[in-house]
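Each chain gets a letter, A, B and so on, in the order its sequence line appears, and its residues count up from 1. Keep in mind the model is a prediction, meaning the values are calculated, not measured.
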Protein chains: 2
Amino acid sequence: MQDDLVTVGEAAEQDGLLYRIRRLVLGGDFPPGAVLPEAFLAQEFDVSRTPIREALKQLQHEGLVEIRPKVGTFVREPTRREIIELFQLKESMEGLAASLLARRGEVAELAVLRRNLEESEMASLTHDTDAYARLVHEFHWTIVRGSDNTKLVEHYERLMNQLAYQRLVLRTVEHPGRLEASTREHRAVLEMIEHKDPFGAESAMRNHVHASSREALSDPATDPRR
Amino acid sequence: MQDDLVTVGEAAEQDGLLYRIRRLVLGGDFPPGAVLPEAFLAQEFDVSRTPIREALKQLQHEGLVEIRPKVGTFVREPTRREIIELFQLKESMEGLAASLLARRGEVAELAVLRRNLEESEMASLTHDTDAYARLVHEFHWTIVRGSDNTKLVEHYERLMNQLAYQRLVLRTVEHPGRLEASTREHRAVLEMIEHKDPFGAESAMRNHVHASSREALSDPATDPRR
DNA sequence: AAAGCATATGTTGCATACATGAAGAGCGTC
DNA sequence: GACGCTCTTCATGTATGCAACATATGCTTT
């Protein structure tokens, strides 16, 4: 169902193990800082430690966990500084995506974006934050996929995994007035794309991501102590 | 010491295995499309197949090799399309880096850049292409590291590995007139950074990368048949 | 002679066993 | 009573063995 939309490029995941463990980490089932014993995961997924180790090593390279040699694997939470850094990258990448999409003709993604905007306005009016969070996710991913740049998609996916973005969005959509502002920004982006204005689209997208990042960083959940 | 500059973020590589195998692949010791048997690498590096497999799996996620299940691991060469895509990303990321660096004060990186530019002009006059290729590498990496954004550095490193950039640069610096043009572009970037003009720096950097990508793509070595 | 099939081989994928090293508990000493 | 040391325990890191599968070879059949 929506999972197909949510996981997007992950469909190409040959071994679901990496994906499943990533969900475990991102889903917050394990408290950040906690250890994930290989033996436990092996038993949990009914495989040997070997494939578990391969997946964990990959997650380490993604920055989601930290493997302290001979000690264990720990769930890693991005520091506030890293969140800022990742948002800067997000702004750049999504700006590029919007620009590339604007250069393309009338492609299927545009219809998805228009429909998404309509549904977002509905969700905004009814203050259905869960639906809105899902729509935001879809909007951004549609633009990135619409860039028709597979390498951008790959790096973006990696970036979003590092950000643990879902958690952040669920917080920011609850800020008063953010839904309406976000929808306006989405509309501006879409209009620029429809006008085939790459610079305008990039600019609008970067503005939007920047605003969104400020919202996320202003949230107390992004613990400033770290 | 210069090795530290060249290998940059790789210093954090705990197991040199991944790094060493990557060098093997990027160094072109294996013909693209050739298999790298795990057993051979295991014997070569005097370890068991297990750490070899971990490294290969990582290289697969980096896009440098392709693991066909139950068949073998093959050296993967980026297609022309992928090179275009990667250059678009490079342009975006380096633009971001230049912008961020321009926002910072007088940092140590600026001195490195100034010195680099001087040496580049020398190399340009004497047509020392090897030295110039090294200096180009240093110039770009210095800007990226100077962005003071570790996540950008990580993604950039990944990107450059995927591009197998060294091979490309060695070709383009031999294009007539390219050295002079490249040096002019570098100067423009540095001036914008010194003037603390983030937008100008980003713009100049993107122009430069764009020009450089056209050079690389015009080279017959970037096989258009693929 | 050509096409199809069975077999053989070589490689990966996973599981298990063992070695290595780190953190913690318990004891002895100051 | 507190500190330091040793030993135990447990988790990871690596090696090896075995099974599964894809490819290639040679044989049989038409």
Side-chain angles (χ1 to χ4, degrees), chain A residues 10-77 161, chain B residues 9-77 161-162:
Chain A
E10 308 247 28
E13 210 63 75
Q14 65 258 21
D15 61 329
L17 251 187
L18 176 59
Y19 171 69
R20 281 162 63 177
I21 297 181
R22 196 190 284 123
R23 290 278 284 201
L24 232 63
V25 174
L26 290 178
D29 298 351
F30 285 83
V35 298
L36 342 192
E38 296 176 0
F40 169 77
L41 294 174
Q43 180 177 335
E44 187 74 8
F45 293 117
D46 198 43
V47 292
S48 136
R49 278 179 47 216
T50 309
I52 298 287
R53 279 177 71 34
E54 288 178 354
L56 288 181
K57 198 124 190 192
Q58 176 55 26
L59 288 181
Q60 180 191 31
H61 281 102
E62 288 183 8
L64 286 179
V65 304
E66 176 186 1
I67 301 179
R68 307 216 326 240
K70 290 288 189 181
V71 176
T73 305
F74 300 83
V75 178
R76 196 164 153 358
E77 204 177 31
N161 282 337
Chain B
E10 308 250 25
E13 211 62 76
Q14 65 258 21
D15 62 327
L17 252 187
L18 176 58
Y19 172 69
R20 281 161 66 177
I21 296 181
R22 195 190 285 124
R23 289 279 283 201
L24 233 63
V25 174
L26 290 179
D29 298 350
F30 285 84
V35 298
L36 353 185
E38 295 176 358
F40 170 77
L41 293 174
Q43 180 177 336
E44 187 74 9
F45 293 116
D46 197 46
V47 292
S48 127
R49 279 179 47 217
T50 310
I52 297 287
R53 289 189 97 271
E54 287 178 354
L56 287 180
K57 198 121 191 190
Q58 177 55 25
L59 288 180
Q60 180 189 31
H61 280 103
E62 287 183 10
L64 286 179
V65 303
E66 177 186 1
I67 300 178
R68 301 200 353 222
K70 294 287 188 180
V71 177
T73 305
F74 301 83
V75 177
R76 196 165 156 352
E77 204 178 32
N161 282 336
Q162 291 181 357

Checklist line | A:L41 CG to D:dT12 C1', straight-line distance once rounded to whole Å | finding: 13 Å
Next item on the list: Check B:L18 against B:A55 and note the closest heavy-atom contact, atom names and distance.
Entry: CD1-O, 3.7 Å
Could you list, one pair per line, each protein nitrogen or oxygen that sits under 3.5 Å from a nitrogen or oxygen of nucleotides 8-10 of chain D, together with the distance?
none

Checklist line | Distance in Å, B:R76 CZ paired with B:E62 CD, rounded so as to fall on 0.5 Å steps | finding: 13.0 Å
Checklist line | Letter per nucleotide, 5' to 3', of nucleotides 13-23 of chain D [B base touched, S only sugar-phosphate touched, - untouched; heavy atoms, 4.0 Å] | finding: BBBBB--BSSS
Show me, pair by pair, the donor-acceptor contacts under 3.5 angstrom made by side chains of residues 64-72 of chain A, not counting sequence neighbours?
none

Notebook entry, point to check: If you take all heavy atoms of B:F30 and B:V35, which pair is closest and at what distance?
Noted result: CD2-O, 4.2 Å
Check: In whole angstrom, what separates A:F74's CZ from D:dA11's P?
Finding: 12 Å
Check: Testing B:K57, B:H61, B:Q60 for side chain to side chain donor-acceptor pair (under 3.5 Å) with A:Q58, which one passes?
Finding: B:H61
Item checked: Secondary-structure notation, DNA chain D, from Watson-Crick and G-U pairs under 3.5 angstrom (| other strand) -> ||||||||||||||||||||||||||||||
Checklist line | Least distance between heavy atoms, A:L17 atom then A:P51 atom | finding: CD1-CB, 3.7 Å
Next item on the list: State which residues pass side chain to side chain contact (heavy atoms under 4.5 Å, CB included) with A:A42; sequence neighbours excluded, sorted by chain then number.
Entry: A:R49, A:I52
Next item on the list: Applying side-chain contact (heavy atoms from CB on, under 4.5 Å), run through B:L36 and B:F40 and close with a yes or a no.
Entry: CA-CA 7 Å; B:L36 353 185; B:F40 170 77; over 6 Å; no
Next item on the list: For A:I52 and D:dA11, give me the distance from atom CD1 to atom C1', rounded to whole Å.
Entry: 15 Å
Notebook entry, point to check: Can you tell if the side chain of B:L59 reaches within under 4.5 Å of the side chain of B:T73, non-hydrogen atoms only?
Noted result: no
Notebook entry, point to check: Can you name the residues that form a side chain to side chain donor-acceptor pair (under 3.5 Å) with B:R53, not counting sequence neighbours?
Noted result: A:E54, B:E38
Notebook entry, point to check: Earliest and latest nucleotide of DNA chain C, 5' to 3', sitting under 4.0 Å from a non-hydrogen atom of chain A?
Noted result: C:dA15 to C:dA23
